[in-house]
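Atoms considered below: every heavy atom in the structure, side chains included; atoms not considered: hydrogens, waters and symmetry mates.
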Amino acid sequence: MLLQTSMAVFSSSTSEPVSSFKPSQFLSRPPPSLSLRFFSVSIANDNCNRNHRLRHSSSSSSLKLYNPIFACRASSDSHETDSSRRKDDDSPVHGLSEKIVGVLGGGQLGRMLCQAASKMAIKVMVLDPSENCPASALAYDHMVRSFDDSATVEEFAKRCGVLTVEIEHVDVATLEKLEQQGIDCEPKASTIRISNYQAGFTILQDKYLQKVHFSRHGIPLPEFMEINNLEETKRAGEVYGYPLMIKSKRLAYDGRGNAVAKSEGELSSAIDVLGGFGRGLYVEKWAPFIKELAVTVARGRDNSILCYPVVETIHKENICHIVKAPADVPWRIRKLANDVAYKAISSLEGAGVFAVELFLTRDGQILLNEVAPRPHNSGHHTIESCYTSQFEQHLRAVVGLPLGDPSMKTPAAIMYNLLGEDEGEPGFKVAHQLIARALEIPGATAHWYDKPEMRRQRKMGHITLVGPSVGVLEARMKSMLREEGYENPNEVAPRVGIVMGSDSDLPVMKDAARILNMFGVSTEVRIVSAHRTPDLMYSYASSAGERGIQVIIAGAGGAAHLPGMVASLTPLPVIGVPVRASTLDGIDSLLSIVQMPRGVPVAMVAVNNATNAGLLAVRMLGIGDADLLARMNQYQEDTRDYVLTKAEKLRKDGWEAYLNQ
């Protein structure tokens, strides 16, 4: 259980007290001499009301004393633990669920399940053979034995209210037996005869049976074929062409169990890499994908189903390396991906979180790659970016609580996997240096899995960045990685873009920039001509959202095509400012901007009134920014007080004295 303590440190060289600020001063950023910093301190609590960590060894009756700070019990003899006694007696459970959740596996997924459980005071026990597995330090109880041993799993399960998994490669026969004994397993282990194809948990262990199952339910898939010998594999190559994807049916994850043959001559070596036909193999037609997508899907005990936003996954040596949320694909593709994921999970049984991995092809098709019946690497970003993380959602689902809101609470997020760069201590050093750089970046959160051994390509932790857009976060990530041209991770991304066709418009448009600066809104000011630099205009407008721009203010005189052209190229709101030219007093510009065709809206202010354009942009941004909205309220109060002051002075002094001042 993690307890969070926040400490605030103020430093100021100014002698003026804060209370001396005038109301309007709160519209601007605080003076540079005043700084406020918050430091977050995490304190580990073992949830067991004791100060030392004790482990029981099956080979010795002696007790070993471990780190007293991260205190949590782990045992190989379950009958000796306090928690087993708690389960047998009538001690009440006061968490959000009375069920103790048992997890087969204690890796990083189990660790993050424990972290989510601590917020709801749900007790999580893990079964894992490693005494120092990542989940051990945070679990309510840890049985140090193998989850491959049937008797151990049975003993473990009887101490839990519900049994779930953090890795699908467990003994399904044991789970079936437990269900027959009345043990609650989520997702379900139930199956039907293979001749009728299987449904539920076993399908998700056997990737080939998974393909067969989803094919029978009309889910779009790459073409596939079972292979039992080299001749069948060669025939598959003739049918599907090359490159040819060869996969293991079982124990395939994180890139393991996949091999690519680029020609018939490479088939034998690819099959050997996978362990031969005795391991159980099948082939897939190469999917000409342009992006790999993923959807996290939650299914409740009442069969309610909720989908998280579609993300893009980028792999490094077949291991998930970077996740971008939301995926930069058209809305139609997002909907199609969600529909495929929803349909796939609807065909399965059991509650929990499922990860649906997808291919986006060049012709706009969505093809299902595979499904994992558990929280997944593609959903780690949800801890910081969504109202309900995938780990909290999985716990809600398996214990029978209502599913939480899966929508994003931040505009964008990027998850970067910390994969081992080297063996042993050099690898730890590289990872810790990267984390140190990450913590300098706004919106960055580091997760360290506390694995005792460092190996190349091993998942050791991850870093999540949240911010205004994927484009901004990509720049921050590149800065974190020390890529050339990205040296400043703290550079503030502009929220409002001010564009104009000529520098002659700047004397008018500067008023919008001044207003936005007064409200502390970051801006950029550019010359972008619709007629003289159309390529630049296209590039600017189409990329504005990716760079974090939320509103565009476009000033134009004469023909005044710029606001409308920009609005046609971006989904962002555009505010047009008609600029007075040498003829027609700006009425020509006003009429040009206001007469946009249906489907291309442009908000507009009065001729030369860039001040109102800036204020309107602030109000738009204030919808999702409570601080900015408060500043706007203050601005209105200051304006009212200013007018009332002048009115009172006029009343007291009379109009002649007032005019003579």
Side-chain angles (χ1 to χ4, degrees), residues 2 42 44 46 53-60 64-76 103-115 124-139 141-149 152 165-170 251-257 273 275 315-322 372 374-377 380 391 415-439 445-464 481:
L2 294 179
S42 295
D46 69 345
R53 179 179 183 178
L54 302 178
R55 296 187 189 271
H56 298 274
S57 171
S58 58
S59 60
S60 171
K64 297 179 181 179
L65 184 61
Y66 284 76
N67 188 336
I69 298 176
F70 292 97
C72 187
R73 71 174 72 78
S75 65
S76 58
V103 181
L104 300 183
Q108 64 263 23
L109 300 180
R111 180 184 179 89
M112 288 181 274
L113 280 171
C114 291
Q115 290 170 333
V124 173
M125 301 166 57
V126 299
L127 173 61
D128 193 281
S130 173
E131 193 170 297
N132 295 311
C133 68
S136 182
L138 303 177
D141 197 3
H142 172 201
M143 182 183 286
V144 187
R145 291 199 225 165
S146 174
F147 48 73
D148 292 329
D149 180 71
T152 297
V165 299
E166 67 122 42
I167 185 169
E168 57 266 39
H169 305 297
V170 296
L251 300 176
Y253 64 99
D254 279 352
R256 302 176 181 90
V273 167
H315 293 74
K316 178 180 180 181
E317 297 182 22
N318 293 317
I319 298 176
C320 182
H321 187 41
I322 295 171
R374 53 172 171 78
H376 189 264
N377 210 155
H380 289 354
F391 300 101
M415 190 283 304
Y416 179 87
N417 251 350
L418 290 168
L419 303 177
E421 298 287 345
D422 205 342
E423 304 287 331
E425 287 304 316
F428 279 114
K429 184 177 180 180
V430 171
H432 292 161
Q433 288 174 341
L434 185 57
I435 289 174
R437 293 199 297 271
L439 295 179
T445 303
H447 294 260
W448 186 248
Y449 303 152
D450 202 22
K451 295 182 178 180
E453 295 180 13
M454 170 70 74
R455 296 194 298 270
R456 289 186 184 275
Q457 294 301 100
R458 189 183 194 192
K459 294 178 180 178
M460 302 301 294
H462 72 269
I463 294 166
T464 300
L481 299 175

Engineer: Distance check, rounded to the nearest 0.5 Å: His380 atom NE2 versus Thr445 atom OG1?
Structural biologist: 14.0 Å
Engineer: Ring centres under 6.0 Å, that's the criterion: do His321 and Tyr416 meet it?
Structural biologist: yes
Engineer: With ring centroids as reference points, do His462 and Trp448 lie under 6.0 angstrom apart?
Structural biologist: no
Engineer: Is a side-chain N or O of Asn417 found less than 3.5 angstrom from the main chain of Cys320, in a donor-acceptor match?
Structural biologist: yes
Engineer: So, taking the atom named CE in Met460 and the one named OH in Tyr449, what distance separates them when rounded to the nearest 0.5 Å?
Structural biologist: 10.5 Å
Engineer: Check whether any side-chain N or O of Arg458 sits under 3.5 Å from a backbone N or O of Glu453 as a donor-acceptor pair, and report yes or no.
Structural biologist: yes
Engineer: To the nearest 0.5 Å, what is the distance between CG (Asp422) and CZ (Arg456)?
Structural biologist: 4.5 Å
Engineer: State, to 0.1 Å, how close Ala372 and His376 come at their nearest heavy-atom pair, and which atoms those are.
Structural biologist: CB-CD2, 4.0 Å
Engineer: Do the side chains of Glu317 and Gln457 get nearer than 4.5 Å, heavy atoms only?
Structural biologist: yes
Engineer: Does a donor on one side chain sit under 3.5 Å from an acceptor on the other, for Lys459 and Asn377?
Structural biologist: yes
Engineer: Are the side chains of Leu418 and Leu434 in touch, meaning some heavy atoms are under 4.5 Å apart?
Structural biologist: yes
Engineer: For Glu421 and Val430, indicate whether the former's side chain and the latter's backbone hold a donor-acceptor pair under 3.5 Å.
Structural biologist: no
Engineer: To the closest 0.5 Å, what do you measure between CD1 (Ile322) and NZ (Lys316)?
Structural biologist: 9.0 Å
Engineer: Are any non-hydrogen side-chain atoms of Leu104 and Glu166 less than 4.5 angstrom apart?
Structural biologist: no
Engineer: From Leu109 CG over to Cys114 SG, what is the distance, rounded to the nearest 0.5 angstrom?
Structural biologist: 11.0 Å
Engineer: NE2/His447 to CD1/Ile463 distance, rounded to the nearest 0.5 angstrom?
Structural biologist: 9.5 Å
Engineer: For Lys451 and Pro134, which heavy atoms make the closest approach, and how far apart are they?
Structural biologist: CG-CG, 3.8 Å
Engineer: Any side-chain heavy atom of Cys133 sitting closer than 4.5 Å to one from His142?
Structural biologist: yes
Engineer: Taking Asp128 for the side chain and Ser130 for the main chain, is one N or O donor matched with an acceptor at less than 3.5 Å?
Structural biologist: yes
Engineer: Between Arg145 (side chain) and Pro129 (backbone), is there a donor-acceptor pair under 3.5 Å?
Structural biologist: no
Engineer: Would one find more than 12 heavy atoms of other residues, nucleotides or ligands at under 6.0 Å from atom NZ of Lys429?
Structural biologist: no
Engineer: Could you pull out the closest heavy-atom pair between Ser146 and Leu127, with the gap in Å?
Structural biologist: O-CD2, 4.1 Å
